[in-house]
Amino acid sequence: FDEVEDTDEPTDANTVVFGLEVRSPPNVVPPGARRRIDPSDTVEDEEAARKPGGSKHTIHVTTADLRWLPQGDQEAELTEPARPVHSDILITKLRPGQAISLEAHACKGIGKDHAKFQPVATASYRILPQIDLVQPVLGARARALKARCPLDVFDIEDVVVDGAQTQRARTARPRDCTMCRECVRRIDDVEFGEDMAAYVKLRRKADHFLFKVETAGQLAPLRIVHDAIGVLKHKCDTWRKEFELSGGALTTD
Ligand code: SF4
């Protein structure tokens with residue numbers, strides 16, 4: 001499908017049309033009869049009121065109620081009927097006697113044109129933590145270090161040092177580190193609590209970014225990141241060409 005520009009007319013090449021027609025049955029409680037449920041009503045009264053024709057009957061209108069209305073050659077060109085990806089998204093609720101009738105037009109676009117096309121729900125990045133053990137953390141100190149970390153970043157491994165069997169801490173899961181600094185915090189009156197900072201150095205890898213991209217469902221996260229990098233590269237190329245055209249020169253120094 002083509003993307004729609006502001007000035008474009010909707011056609012079968014850029015728009016998918018859905019119809020929605022739902023009517024809730026009218027309330028059939030006889031005139032003059034009690035229409036409201038009060039606290040003295042029994043469970044049976046409540047259940048009866050929620051059935052079709054009852055005063056509390058409510059219809060849930062969902063994406064399953066949307067009907068595709070093929071335009072032009074769409075029926076021949078599409079291998080399967082157009083439909084919402086999820087059929088259980090609530091659109092509205094109808095009370096007795098209410099009805100909804102609408103025609104919805106679905107079209108392609110990008111988030112730069114309007115936020116409704118934005119495929120990303122939440123996106124963030126952080127720099128990869130680098131936890132260096134600058135001198136061997138052995139034996140009881142290794143176990144104390146592992147116990148201190150709330151994210152279980154460290155592992156303990158069995159090693160032989162100077163001919164003796166012992167245990168050594170190693171950084172196993174740096175991605176899980178939140179830089180809370182608990183492992184280097186000075187804690188008085190606790191074994192190994194005062195000088196752990198002499199063994200552990202917390203840094204960040206300046207050239208390693210961890211992105212977290214949550215989508216709204218239209219596109220897979222990997223596709224979004226891939227396309228975003230493509231857009232960024234295109235912008236860099238454009239900027240470089242403009243720069244060179246204006247007499248500038250880029251070097252790799
Ligand atoms: S900074 Fe916090 S999360 Fe990271 S290794 Fe130290 S204790 Fe664990």
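Counting begins at 1 with the first residue of the sequence. All ligand and atom numbering here is 1-based and tracks the order in the structure. Any value given below was found using the heavy atoms of this structure, including those in side chains, with hydrogens, waters and symmetry copies removed.
Those atoms of ligand 1 that come under 4.0 Å of a heavy atom in Phe154, given as number and element, are 5 (S).
No donor-acceptor pair closer than 3.5 Å links the side chain of Thr15 to the backbone N or O of Ala106.
With a 4.5 Å cut-off on side-chain heavy atoms, Leu20 and Asp65 count as touching. Inter-residue side-chain proximity for Tyr199 and Leu145 is flagged as unmet; no heavy-atom pair is nearer than 4.5 Å. A 4.5 Å side-chain heavy-atom check between Asp132 and Thr171 finds every atom pair outside the cut-off.
Counting protein heavy atoms only, atom 3 (S) of ligand 1 is closest to Thr178 N, 3.6 Å.
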Given Arg185 and Glu182, is the salt bridge (charged side-chain N to carboxylate O under 4.0 Å, His left out) satisfied, shown in steps? CA-CA 5 Å; Arg185 189 165 65 91; Glu182 182 62 22; 3.0 Å; yes
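Within the sub-2.8 Å shell of atom 6 (Fe) of ligand 1, the protein contributes these N/O/S atoms: Cys183 SG.
Not counting sequence neighbours, Arg175 has no partner by the side-chain hydrogen bond (donor to acceptor under 3.5 Å, both in side chains) test.
Ligand 1 has Pro150 within reach: a non-hydrogen atom of the residue lies less than 4.0 Å from it.
Using cut-offs of 30° and 60° on the angle between ring planes, the pair Phe211 and Tyr125 is tilted.
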